[in-house]
Amino acid sequence: MIQVENLTKKFGNVAAVDGVSFNVENREIVGFLGPNGAGKTTTMRVLTSYLAPTSGRAAVAGFDVVRNSLEARKRIGYLPESVPFYPEMRVREYLSFRAKLKAVPRKQRKQRLDEVMERCRVKDVEHKIIGHLSKGYRQRLGLAEAIIHNPPILILDEPTIGLDPAQIRQTRELIKELGQDKTVILSTHILPEVEMLCNRVIIIHQGKIAIMDTLNNLVKDQKIKLEITGNINDITETLKQLPGIKNISFTQQDLWYVVTIELSNNEDIRDIVYQKIVQNQWGIREFKTERTTLEEMFIRITTRE
Amino acid sequence: MRNIWVLTKKELAIYFYSPLAYVIITAFLLLSGYFFYQFVAGIADATALRYVLEFIGFISLIISPMITMRLLAEEKKSGTLELLMTAPITETQVVVSKYISSLLFFIALIMPTVAYVILLIFWGKPDLGAIICGYLGLICLAGVFLSIGLFVSSFTSNQIVAVIITFVILLIGWVIGWAGEFFREQWWKDIFKYIGFFEHFDAFRKGLIDSRDFLYCFSLIIFFLFLTVRIVESRRWK
Ligand SMILES: Nc1ncnc2c1ncn2[C@@H]1O[C@H](COP(=O)(O)OP(=O)(O)OP(=O)(O)O)[C@@H](O)[C@H]1O
Ligand SMILES: [Mg+2]
């Protein structure tokens, strides 16, 4: 649905996006991550034809965003980062205006408006002036605007920013629901959100793609942490025999050792580890698993020079 | 075409949501009412029309920058331009509909003065053709002012800056016709006269129809609208 090839966008001499290539398949939800100033918003603005690429190309639903930009734009629902509005307009009036611009047929318009306002929970403020809405309501109105013409592609720049925890949850559910029949690119700084929503993650750093992989592949490295007592040599030797072990390390605290077992695949060997402990009659007071979180991953990538 | 209509309606709605529109309308009605009462009512003959048109001409010089100042500057400042330009519409549609809405606003603004003219018809025997021609000419000239205002509004995101720059440009355009007096050759004098607004305004208020005056207005309007579209587009390549 979305093809990006060697995309570069320069502001003056500074490349905000620098040779980025990626594809997004139909009905995929892709998370766009990266530190502030990484180039996420700029990439999205190129995809929505607000900015033109300096070099490289991008196509949305098969339409080039420069040469065929109107066709591409018809198929995109876009939630910009700052969620701008005309503060003097009323909610329903604004959505109706946008629906007309996006060529929602007159006959379906009313029904579509009601449906979208219901879905994004802005129905209760439909006659209010937008300038008087709270940040969260405005955010939801932005989302309602993005989906008003039922586009096959959604580009959402930080869709849950400024929402309260309950609204964040509802909005995520909405995005997940929308993702069932739409292609979605969303940027966010909330990493658990990506884990909840996305099939695939693109981490972009200083305008370049640092990592692009499915979530499963990214976070599959698991760890088991034990607080154990016994002969530490026996312990490490025995555990090393187990399948799928990448590395074992330990630290000592008095008579207890904190042993970290790094696993190289997703296989669950907790049961086997536990049996070994029982067989050898080691003392144990803690047994837990840890996965490399996206956060660790993110920090590791974005802080290395 | 449909998009232009949708956009124009939105622009007009936004005009009337802002207090500025009412300030402009009230100020204009008060001023023109006073003006009419003071000067025109006493004369009540064919020359009265010239005074009315003259008044509207000068007033539009001051009011046009206020009508256009927010059109693009505000969209840029508040970021709504991003939403507008990522919808499936072209820059030309956006610029043209903003222009149309400003022109409609101006026409609606001066409409009440037609009442004065009707009064004149009852009192005296003014030439109806001259009235229509005078109004058309004035609207054309104001059309030029508005296109310049819209153009200025496209390269700043500050309304105050927009209004001041537009006003300065309009003033220069108004007086530049007299700059020809510095030259000895007649053709220089003619060129400057043709460039400046005043000569054309003078023709209109006398009720003279000359296609050259209309051509002058149309070509300026097209020129500035074209530039405006270009500037709005240029944001993409920056
Ligand atoms: N219009 C512009 N003119 C000049 N530089 C710009 C412009 N827009 C963005 N930049 C620069 O491009 C870089 C990328 O910005 P961008 O907004 O794409 O980052 P981002 O990944 O969205 O960051 P954030 O997480 O803060 O939203 C930044 O260094 C920014 O300063
Ligand atoms: Mg951003």
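Values below: all heavy atoms of this structure, side chains included; hydrogens, waters and symmetry mates excluded. All chains are named by letter (A, B, ...) in the order of the sequence lines, taking the proteins before the strands, and each is independently numbered beginning at 1.
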Please flag which part of [X] lies under 4.5 Å from any non-hydrogen atom of chain B: side chain, backbone, both or neither.
{"X": "A:Lys9", "value": "side chain"}
{"X": "A:Ala72", "value": "neither"}
{"X": "A:Ser69", "value": "side chain"}

With rounding to the nearest 0.5 Å, note down the distance linking [atom1] in [X] to [atom2] in [Y].
{"X": "A:Arg73", "Y": "B:Thr90", "atom1": "CZ", "atom2": "OG1", "result": "8.0 Å"}
{"X": "B:Leu84", "Y": "A:Leu101", "atom1": "CG", "atom2": "CG", "result": "6.5 Å"}
{"X": "B:Thr80", "Y": "A:Phe85", "atom1": "OG1", "atom2": "CZ", "result": "10.5 Å"}

Chain A contact via B:Ile89 - side chain, backbone, both or neither, heavy atoms under 4.5 Å
both
Would you say OH of B:Tyr194 has more than 12 non-hydrogen atoms from neighbouring residues, nucleotides or ligands within 6.0 angstrom?
yes
Assess whether atom CD1 of B:Ile14 is packed by more than 12 heavy atoms of other residues, nucleotides or ligands within 6.0 Å.
yes
Identify which of A:Glu71, A:Lys102, A:Glu93 forms the greatest number of heavy-atom pairs closer than 4.5 Å to chain B.
A:Glu93
Which of A:Val66, A:Leu51, A:Leu79, A:Ile76 touches chain B most, by non-hydrogen pairs under 4.5 Å:
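So the answer, after comparing A:Val66, A:Leu51, A:Leu79, A:Ile76, is A:Leu51.
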Search all heavy atoms of A:Pro84 against all heavy atoms of B:Ser78 and return the closest pair with its distance.
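So the two residues come closest at CB-O, 3.2 Å.
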If I compare all heavy atoms of A:Ala103 with all of B:Arg2, which pair ends up nearest, and what's the gap?
CA-NH2, 3.9 Å
For a 4.5 angstrom cut-off between non-hydrogen side-chain atoms, does A:Lys100 reach B:Lys9?
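Touching, per the 4.5 Å side-chain cut-off.
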Side chains of B:Lys238 and A:Phe11, heavy atoms from C-beta outward: is any pair under 4.5 Å?
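They are not in side-chain contact.
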Step by step, would you call A:Glu88 with B:Lys10 a salt bridge (Lys or Arg N to Asp or Glu O under 4.0 Å)?
CA-CA 11 Å; A:Glu88 314 90 339; B:Lys10 169 227 140 201; over 6 Å; no
Is B:Arg235 positioned over the aromatic face of A:Tyr50, cation under 6.0 angstrom from the ring centre and no more than 45 degrees off axis?
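Here B:Arg235 passes the 6.0 Å and 45° test against A:Tyr50.
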Looking just at side-chain N and O atoms, do B:Glu75 and A:Tyr86 make a donor-acceptor pair shorter than 3.5 Å?
yes
Counting heavy-atom pairs under 4.5 angstrom with chain A, the leader among B:Val6, B:Leu83, B:Leu7, B:Asn3 is B:Leu83
Got a donor-acceptor contact below 3.5 angstrom from the A:Arg45 side chain to the B:Arg236 backbone?
no
